[in-house]
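Throughout, a chain's letter reflects where its sequence line sits, starting with A, and its residues are numbered from 1.
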Protein chains: 2
Amino acid sequence: MSATHTSVLATELPRPVPQTELDACPVSALFRRLGDRWSMLVIILLGGRTHRYNELHRAIEGISQRMLTRTLRTLEADGLVTRTVHPTVPPSVEYGLTDRGRSLLVPISALADWAVENQNPSGRCGT
Amino acid sequence: MSATHTSVLATELPRPVPQTELDACPVSALFRRLGDRWSMLVIILLGGRTHRYNELHRAIEGISQRMLTRTLRTLEADGLVTRTVHPTVPPSVEYGLTDRGRSLLVPISALADWAVENQNPSGRCGT
DNA sequence: CGGAATCCTTCCGGATACTG
DNA sequence: CAGTATCCGGAAGGATTCCG
């Protein structure tokens with residue numbers, strides 16, 4: 001295919017973003033991933049026990065159906081959350097943490113301890 | 001002050017968001033706070049040694065001046081980063097971590113270990 | 001009950017230009 | 001050198017409606 005042409009009309013991108021090693025930082029990527037509005041709250045709630053969809057919806061209080069579904073689906077795709085559909089009528093869907101999800105709770109709780117001691121006062125998670 | 005009037009032309013907000021206990025979760029708030037595009041990278045870089053402004057600007061490569069300044073100022077306001085102005089000419093500004101900032105690196109590194117083992121392969125931070 | 005689809009607003013963050 | 005000021009596009013996320 002005409003080899004390495006590097007013509008003036010270059011096909012290469014006009015430097016959209018040089019993230020060659022930006023998101024290569026794993027902990028930065030993880031913070032970005034879980035730093036959205038709801039992911040951490042869902043993980044912490046599911047860390048206690050499994051929850052059904054509407055159970056999460058009421059427990060979090062303020063999340064929209066749209067965002068609850070999106071958050072759960074993304075966490076599932078990341079291998080942190082399990083989704084179990086019970087084919088009853090009406091349907092029942094139960095969410096929980098995977099082994100990886102539970103293993104994440106360990107460093108999370110270390111960070112939580114730091115947050116409680118160093119940041120805002122009166123901190124509870126609503127669990 | 002005409003007591004609790006609650007007039008029809010109420011001055012109160014139309015329910016902006018019921019975050020009574022949403023951001024009350026300290027670890028969720030911390031993730032939100034550090035889950036932006038640049039904060040973690042800046043913290044990690046400053047964890048190695050102090051840096052001058054343009055030093056950070058070149059090291060991160062992709063951050064705009066606007067966001068670098070904003071990120072540093074917010075981290076400073078949170079008591080995680082120090083800002084030292086040397087009144088030379090041309091001016092020189094040095095950034096570093098506070099004691100609190102360094103203490104944060106401990107639980108961060110635990111999370112970093114988890115991220116390296118469980119998430120994306122080939123992870124380095126560019127330090 | 002547990003969503004999906006659509007619309008609409010807010011805000012994060014990049015690009016650019018200028019300054020002490 | 002170390003910022004500030006302004007403009008602007010895209011992504012995040014809420015509200016509402018409809019569906020199996």
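- Between R52(A) and dG3(C) there is no side-chain N or O to OP1 or OP2 distance below 4.0 Å.
- Toward the 5′ end of DNA chain D lies the nearest nucleotide of P90(B), the other residue of the pair P90(B) and R73(B) mapping further downstream.
- Put simply, Y95(B) has a side-chain N or O that comes within less than 4.0 Å of OP1 or OP2 on dG3(D).
- For T98(A), there are no side chain to side chain donor-acceptor pair (under 3.5 Å) partners two or more places apart in sequence or in a different chain.
- As a whole-Å value, the separation of H86(A) NE2 from dG20(D) P is 24 Å.
- F31(B) places its CZ atom 19 Å from the C1' atom of dA12(D), with the value rounded to the nearest Å.
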Do any N or O atoms of the protein come closer than 3.5 Å to N or O atoms of nucleotides 10-13 of chain C, and which pairs are they?
| unit_1 | atom_1 | unit_2 | atom_2 | d |
| --- | --- | --- | --- | --- |
| dG13(C) | OP1 | R37(B) | N | 2.8 |
| dG13(C) | N7 | R66(B) | NH2 | 2.4 |

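- The minimum heavy-atom distance linking H57(B) with S64(B) is given by the pair NE2-C, 4.2 Å.
- Atom NE2 of H51(A) is separated from atom C1' of dC1(C) by 17 Å (rounded to the nearest Å).
- For the pair S39(A) and R33(A), the tightest heavy-atom approach, listed with the atom from each and the gap, is OG-NH1, 3.6 Å.
- Residues L97(A) and T82(A) fail the side-chain proximity criterion, which asks for heavy atoms closer than 4.5 Å.
- Using a 4.5 Å cut-off on side-chain heavy atoms (C-beta onward), T71(A) and R37(A) make no contact.
- When the C1' atom of dG3(D) is taken as reference, atom CG of L68(B) falls 10 Å away, rounded to whole Å.
- Contact of the L72(A) side chain with the L68(A) side chain is registered, since non-hydrogen atoms from C-beta on lie closer than 4.5 Å.
- Rounded to an integer number of Å, the gap from H57(B) NE2 to dA2(D) C1' is 11 Å.
- At whole-Å resolution of the value, CD1 in I63(A) and P in dA15(D) are 12 Å apart.
- Positionally, the nearest nucleotide of DNA chain C for L72(A) lies more toward the 5' end than for the other of Q65(B) and L72(A).
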